[in-house]
Amino acid sequence: MLTKPYDLSGFQYLFLAGRAARSGDLPLGGELLDIPVIDHWWQNRDRLVHRGRPMGLEPMPTKPGSPTVPVPGYDVRVLGADGTEAEPGETGDIVVRLPLPPGCLPTLWHDDERFVASYLSAHPGCYTTGDGGYRDGDGYVYVMGRVDDVINVAGHRLSTGQMEEVLASHPAVAECAVIG
């Protein structure tokens, strides 16, 4: 194992970022390092974690594919195309209701109009993250991918993230990627 020659005793947690942790990612990282693996979700545009398991608060159960519930200060929702809140298990646009907490990005560099058009106009009163996903009955949010990262076939918008999730759930598949 590549970690053997290194002293990793100072590691307390392994934080994952960049994409949702799939079911195989969490046990593998935890077993290799013998530490908790923490999935979380954030964006460069707003500079803070929207959902995750903040260390120091009461621990939450891990559900593969979800970085848990919104962190304090964020009112994260999943909205349908008509702007109504999606039911648990129903996919939609992941948004953060305004106002955003202090420290979040208030605009784009020298382009306030593009910021408003890109992030604040699709769902009035909300910051549209550009990610799609769903909530489960416990309030855990699952990010399925970018809403513009879809395969459009015969009028159906197919999420590459949802296709990956189906493929990755098969025991014969170790890793997969769906590219539009």
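In this structure, OH in Tyr74 is found 7.0 Å from CG in Leu100, a value given to the nearest 0.5 Å. In this structure, the separation between OG1 on Thr68 and OH on Tyr140 is 6.0 Å, given to the nearest 0.5 Å. Here the straight-line distance linking atom OG of Ser9 with atom CD1 of Ile35 works out to 11.0 Å at 0.5 Å rounding. Remark: His123 NE2 to Asp93 CG distance equals 3.5 Å, nearest 0.5 Å. From Ser66, atom OG reaches atom CE of Met60 across 8.5 Å, with rounding to the nearest 0.5 Å. With rounding to the nearest 0.5 Å, the separation of OG1 in Thr107 from CZ in Arg114 is 9.5 Å.
Under the 4.5 Å side-chain criterion, counting only non-hydrogen atoms from C-beta, Tyr119 is in contact with Leu108.
In this view, Glu87 and Glu90 satisfy the side chain to side chain contact (heavy atoms under 4.5 Å, CB included) rule, not counting sequence neighbours. In this view, Leu167 and Cys176, Val178 satisfy the side chain to side chain contact (heavy atoms under 4.5 Å, CB included) rule, not counting sequence neighbours. With sequence neighbours left out, Leu8 forms a side chain to side chain contact (heavy atoms under 4.5 Å, CB included) with Thr3, Tyr6, Phe11, Leu33.
Under the 4.5 Å side-chain heavy-atom criterion for Ile, Leu, Val, Met, Phe, Trp and Tyr, Tyr134 and Val69 are members of the same hydrophobic cluster. Note on Val166 and Val143: separate hydrophobic clusters, where clusters join Ile, Leu, Val, Met, Phe, Trp and Tyr whose side-chain heavy atoms are under 4.5 Å apart, directly or indirectly. Neither Val173 nor Met163 shares a network with the other; the hydrophobic side chains, linked directly or stepwise wherever heavy atoms of I, L, V, M, F, W or Y lie under 4.5 Å apart, form separate groups for each. Following chains of ILVMFWY side-chain contacts shorter than 4.5 Å, one cannot reach Leu98 starting from Leu79, and the two form parts of different hydrophobic clusters. In the hydrophobic clustering of ILVMFWY residues, with side-chain heavy atoms under 4.5 Å counting as a link, Val141 and Val96 come out together.
Taking all atoms of both residues into account, the shortest heavy-atom contact from Val78 to Arg135 is CG2-CG, 3.9 Å. Taking both residues in full, the closest heavy atoms of Arg97 and Cys126 are given as CG-SG, 3.8 Å, listed atom of the first, atom of the second, then distance. Across all their heavy atoms, Gly139 and Pro70 have their closest contact at O-CD, 4.2 Å.
For the pair Thr128 (side chain) and Gly130 (backbone), a donor-acceptor distance under 3.5 Å is absent.
At a threshold of 4.0 Å, the pair Arg77-Asp75 counts as salt-bridged, since one of the basic side-chain nitrogens sits closer than that to a carboxylate oxygen. Salt bridge Asp138/Lys63: present, at least one basic N to carboxylate O contact under 4.0 Å.
Screening Leu120, Ile94, Val76 for a side-chain contact (heavy atoms from CB on, under 4.5 Å) involving Tyr127 leaves a single residue, Leu120.
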